[in-house]
Amino acid sequence: MITLSMRPCGDFRTTYKADTRIFDTRLIQAVAIASVIGLCFAPLVLDAYYLTLFIQISYLAIAALGLNILVGFTGQISLGHGAFFGFGAFASAWFTNSFAIPVWISIPMAGWFTMAVGMLFGLPAARIKGLYLAIATLAAQFIIEDFFARAEWFSGGAYGAAAEPVILFGYAFDSDESFFYIALFALVFMYLWGANLMRSRDGRAFVAVRDHYLSAEIMGINLTWYRLLSFGVSSFYAGIGGALYGHYLGFVSAEGFTLMMSVQFLAMIIIGGLGSVQGALMGTIFIVLLPEVLEAIVGLITHSGLVSAGNVVENLSYFKEMAIGLVIILFLIFEPDGLAHRWKQIKAYWKYYPFAY
Amino acid sequence: MNSAAPLLAISQVSLAFGGVKALTDVNFKVSKGEVFSIIGPNGAGKTSMLNCISGRYRPNHGSITFKGKEMTSLKPNERSDLGIGRTFQNLALFGHMSVLDNIMVGRHHLLKNNFTTGPLYWVSGAQKEELKHRREVEDIIDFLEISHIRKKQAGTLSYGLRKRVELARAVALKPDLILLDEPMAGMNQEEKEDMARFILDLNEEWGMTVVMIEHDMGVVMGISNRVMVLDFGRKIAEGLPDEIMANEHVKKAYLGEEDELLVEEDAVEEIA
Ligand SMILES: Nc1ncnc2c1ncn2[C@@H]1O[C@H](COP(=O)(O)OP(=O)(O)OP(=O)(O)O)[C@@H](O)[C@H]1O
Ligand SMILES: [Mg+2]
């Protein structure tokens, strides 16, 4: 799944360094770097609306990558990722509001703090697996949600908490145009972090635990620690994503971090590809853009006058949830390895192109 | 022969699963540098013995010491840190990983980078460390002649190759003691000869002490320094290969008459 080599023949590496690169080929690396540089100019040309979508994709994709490390790479399960996302948002706001910690420090701090909380709630994973672990994390989801509602000192309770904008060198990143750069930096940084993790010691240990835990243990891997650590890393990502979300909106309220959000994160990684770093990003893009596309379609239908506008627009939110459900089912049936796998196949196809088959 | 302190000492080890006595009062010692084989009919408790040494099972009685250290309470991963590696009778590779990554997992206890220094790959020195170990892993890959498959997904390989990758992964641990559970099962004669050569090289050139379970009598007698025979969880003989071949108990319990081919038939009867 993750390391299945689909490199075209004739592509030989001459050094081990070249052989351990994050990107399969120099060309793809160049394209990736070029797109990041290209994105730097996006605020100059794009509508605020598109910038908002990008920012949304960034903080969600960071959290989704965390969940993929837990579910896709380590083979565990969590139904509480949404709550950890919320925890990061509140924690960062709390650090800045109560301790006057600058936001650029409170965001990583929120990540580490959420990691600790995630490991605490991950403790059952040392003993239980599968359905039972799913239930335990479901309990975590509800406990943390309840905590948000009750712990006014932390979350502001029913009122929610204000979250200051990021301020660096006296400049406040409080508009879509400026926060875009924070989001882009965080996205690139956290994805490089993840890709590097997966090609070094602890990332391999996660996959080993997933593929064959008994022989992983014989190979010197401490199962309890890595099962817990996987919850920790996953929550770390959720916390960073959540903190970004909070400081972008400027306000955190407890309602959003529900089980539905946790399920949406699961949908992202299933659609993008379990056990794939870039899959988490692809799945997030898909889930964020799906309602936009649906809306556009609804717009077209109503414009054409085929159906009366009111009903359709009213029901759009239902359509959205149904559509997500439908898409997950379709992916599970027709594309169980996710978008990342399909992408690899397309790449391999173009490589071979005039000589394919 | 065992005058010096043994590398591995098993004393009075017993193991039961409910009513099934897999091992009863087993004693033996393995000295540094030996190739020590365990033979016996199916269900005799050979794999259970290896599992007790590697920590998969915990014996009900008895003690297991390695390098003079009592190991009975150690977890499997702590035993690999001490210098014990093993392969499995029923293949246990990480199926979705590449052959290379499988073998790199063997370096786990030798690597120092972790979940914070690993992600800071270029600045923390993790890259340098990974590449250093990668070079050593490539030596193992060359030695076991699997360089042509090192990018393949482990789960897609043939049985014989998977056995070889498992051996490579165990060797990557740099163990002082390597436990091999039927390393040649299901192989043809040529593959068996290759494997026998690898095991001898590991022993002689890489300095690893080998404890091996094997059914092929030719191989066992050919490469072992000493042989132990288990039957119904009890040790019924131990000695030099020639002594074992001549031992009356062994013939009765295991070898049948004098024909080696009867070993297989005997095994079938054990199951029935
Ligand atoms: N986990 C277990 N649970 C219950 N019984 C077990 C377990 N492991 C082994 N046994 C039993 O212990 C006995 C010894 O099994 P073991 O696997 O050690 O035999 P073996 O000598 O390796 O046989 P083979 O040549 O078939 O590999 C058998 O009766 C087996 O059924
Ligand atoms: Mg066995």
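A, B, ... follow the sequence lines: proteins, then strands. Residue 1 opens every chain. The figures that follow rest on heavy atoms only: side chains count, while hydrogens, waters and symmetry mates do not.
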query = What is the minimum heavy-atom distance between B:P119 and A:L197, and which atoms define it?
reply = CG-CB, 3.9 Å
ask   = Within the distance-only criterion (no hydrogens, no angle test), does the side chain of A:S215 pair as donor or acceptor with the backbone N or O of B:A92 below 3.5 angstrom?
value = yes
request  = Could you pull out the closest heavy-atom pair between A:S200 and B:N113, with the gap in Å?
outcome  = CB-OD1, 3.4 Å
query = Is it the backbone or the side chain of A:M190 that comes under 4.5 Å from a heavy atom of chain B, or both, or neither?
reply = neither
ask   = Using a cut-off of under 4.5 Å for heavy-atom pairs, which of A:A205, A:A216, A:G232 has the most such pairs with chain B?
value = A:A216
remark   = One should read off an interatomic distance between B:R56 CZ and A:L214 CG, to the nearest 0.5 angstrom, of 4.5 Å
query = Would you call B:R79-A:E217 a salt bridge at under 4.0 Å N-O?
reply = no
query = Using a cut-off of under 4.5 Å for heavy-atom pairs, which of B:E78, B:E138, B:E166 has the most such pairs with chain A?
reply = B:E138
ask   = Can you find a pair of side-chain heavy atoms, one from A:I218 and one from B:F88, that are under 4.5 Å apart?
value = yes
query = Under 6.0 Å from the NZ atom of B:K67, do we count more than 12 heavy atoms belonging to anything else shown?
reply = yes
request  = Determine yes or no for a side-chain-to-main-chain donor-acceptor pair under 3.5 angstrom, with B:N77 supplying the side chain and A:G220 the backbone.
outcome  = no
Which atoms of B:Q127 approach chain A - backbone, side chain, both or neither, heavy atom under 4.5 Å = side chain
ask   = Measuring heavy-atom distances to chain B, does A:T224 have an atom under 4.5 Å in its side chain, in its backbone, in both, or in neither?
value = side chain
query = Are the side chains of B:L111 and A:R204 in touch, meaning some heavy atoms are under 4.5 Å apart?
reply = yes
Side chain to side chain contact (heavy atoms under 4.5 Å, CB included) evaluation trace for A:R201 with B:E129 = CA-CA 10 Å; A:R201 173 179 180 260; B:E129 188 191 26; over 6 Å; no
message = Are the side chains of A:H212 and B:L93 in contact, using a 4.5 Å heavy-atom criterion?
response = no
ask   = What residue in B:K75, B:R86, B:M104 has the most heavy-atom pairs under 4.5 Å with chain A?
value = B:M104
Whether B:H108 and A:Y226 hold their rings parallel, tilted or perpendicular, with breakpoints at 30° and 60° = perpendicular
request  = Considering only heavy atoms and a distance below 4.5 Å, find which of B:R135, B:E130, B:H133 pairs most often with chain A.
outcome  = B:E130
Test side chain to side chain contact (heavy atoms under 4.5 Å, CB included) applied to A:R210 and B:F94, step by step = CA-CA 8 Å; A:R210 178 196 73 193; B:F94 308 118; over 6 Å; no
Interchain contact, B:R169 with chain A, by part (heavy-atom threshold 4.5 Å) = both
key: Structural part of A:L229 lying under 4.5 Å from a heavy atom of chain B   = side chain
task = Verify the neighbour count for atom CH2 of A:W104: are there more than 12 heavy atoms of other residues, nucleotides or ligands below 6.0 Å?
result = no
query = Mind checking whether B:T116 and A:W112 have side chains closer than 4.5 Å, heavy atoms only?
reply = yes
note = The interface call for A:I22 against chain B, heavy-atom contacts under 4.5 Å, is side chain
query = Under 4.5 Å between any side-chain heavy atoms of B:H96 and A:V207, yes or no?
reply = no
query = Taking all atoms of both residues into account, what is the closest heavy-atom pair of B:L120 and A:W193, and its distance?
reply = CD2-CZ3, 3.7 Å
key: Min side-chain heavy-atom separation A:L192-B:W122 under 4.5 Å   = yes
